[in-house]
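Residue numbering restarts at 1 for every chain, and letters A, B, ... go by the order of the sequence lines.
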2 protein chains.
Amino acid sequence: MDSMGIIMARKQTAADQALRLDNQICFAVYSTAHAFNRVYKPLLDRLGLTYPQYLVMLALWERDDVPVKDLGERLFLDSGTLTPLLKRLEAAELIRRTRSTEDERLVLIALTAQGQALREKAKVVPQSILAASACSVGELLAMKDEIVSLRDRLNAVLGE
Amino acid sequence: MDSMGIIMARKQTAADQALRLDNQICFAVYSTAHAFNRVYKPLLDRLGLTYPQYLVMLALWERDDVPVKDLGERLFLDSGTLTPLLKRLEAAELIRRTRSTEDERLVLIALTAQGQALREKAKVVPQSILAASACSVGELLAMKDEIVSLRDRLNAVLGE
DNA sequence: ATAATTCATATTGCGCACAATCTAATTTTG
DNA sequence: CAAAATTAGATTGTGCGCAATATGAATTAT
């Protein structure tokens, strides 16, 4: 009876451990994403951007004149998120949304002169974040690669 | 002039690299959080919970009869997020919200019998996530610790 | 060529997430 | 003790994030 009790107690402990908030990598990722957001906020306020808008601008600074779909694939976001966000960026005159004449299903997103110009102001952002992370570039890059590889495995499961 | 040109080109490249989407650890964290959310969704649908609600339940399964503030500190969320979320959990009869008689500023959150019972059904969740991550427990824990340490450094900067 | 399917985007509805503001209760201070 | 400051929580408004659905254009299959 006692030995059974011990076995049960150990089994419970294993399952209980798995349900502990502290042990959940997902909560670590979730809460870190929020922490980043809060660190970015004052920096991005100066640019007049939210963090998701900043991500869209980063993507466009690399390559613009692209359909919404393309942005969605690069950022892992769908049209329900991007359409209103892009309309706000258009209202801020950072981008233009034009229906493609070749394939009228496509809405092409292009930077305005202002949108291009904002890139210069944005250059100070990454170094501020680096400082806040109190981490070396090497450590951060290594960690980033691990996280990305985890993300890609998760997304692979979803694709099945 | 040519050497100056090279120097400028190198400087630009360094700044440009920092603005690349791929190089941003924050985007890695952000997109991984979304990937986790999408993997959790079908599992949590069976429990009738969203991911943030699941986090609240995890916290309560560890310790309930706590004020909203306490939950907020454990989850890094504020009352603007928690109040409506907790009202939905109350509507689902998983928790009870009662104003403390000792300090009437406090709203104490306690699990109902249903809320307690849900814990058993939730025990299958972590192992499903582990499988989806295609990662060993050891690797995940190591990664989790790194991410948490990064999060805590970011939060420390915010606290200044 | 027409019908069926697929595709890109938009819309709606719900649930976070957080800043800013408000109310009411407690604590601190003079 | 009374005034001031602090605290806990609720409310409001804005912006994601995504599921479900709708619309219209392009592709394909017949």
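Backbone-only contact: A:P67 has heavy atoms under 4.0 Å from sugar-phosphate atoms and none from a base. Residue-level contact check: B:L82 touches neither bases nor backbone, having no heavy atom under 4.0 Å from any strand. A:S79 comes within 4.0 angstrom of a base, heavy atoms only.
A sub-4.0 Å separation between OP1 or OP2 of C:dT11 and a side-chain N or O of A:K87 is present. Under 4.0 angstrom from either OP1 or OP2 of C:dC16 there lies no side-chain N or O belonging to B:T81. Side-chain N/O atoms of B:T50 include none lying less than 4.0 angstrom from OP1 or OP2 on C:dG15. In this structure, A:R99 does not reach the D:dT23 phosphate: none of its side-chain N or O atoms is under 4.0 Å from OP1 or OP2. Side-chain nitrogen and oxygen atoms of B:R97 include none within less than 4.0 Å of the OP1 or OP2 phosphate oxygen of D:dG9.
Across D:dC18, C:dC16, C:dA25, the shortest atom-to-atom separation from the side chain of B:H34 is found for D:dC18. In the set C:dA19, D:dG17, C:dG15, C:dA19 carries the atom at the smallest distance from any side-chain atom of A:K41. The side chain of B:Q53 lies closest to C:dC16 when the candidates are D:dT11, C:dC16, C:dT9. Residue B:Y30 places its side chain closer to D:dG17 than to any other of D:dG15, C:dC18, D:dG17. The side chain of A:R105 approaches D:dG24 more closely than any other nucleotide in the set D:dG9, D:dG24, C:dA10. Closest contact between the side chain of B:R88 and the listed nucleotides D:dG9, C:dC16, C:dA10 involves C:dC16. Taking every side-chain heavy atom of B:V107 into account, D:dG9 is the closest of C:dT26, D:dG9, D:dC16. Across D:dA10, C:dA25, D:dC18, the shortest atom-to-atom separation from the side chain of B:E104 is found for C:dA25. When distances run from any side-chain atom of A:D78 to the nucleotides D:dA25, C:dT26, D:dC18, the shortest one goes to D:dC18. In this structure, the nucleotide among C:dT9, C:dA17, D:dA10 sitting nearest to the side chain of B:T83 is D:dA10.
Of the charged side-chain nitrogens involved, at least one lies within less than 4.0 Å of a carboxylate oxygen, so that B:R97 and B:E90 count as a salt-bridged pair.
The aromatic rings of B:Y40 and B:Y51 sit tilted, their planes meeting at an angle between 30° and 60°.
Where A:P84 and A:D103 each meet DNA chain C at their nearest nucleotide, the meeting point lying more 5' is that of A:D103.
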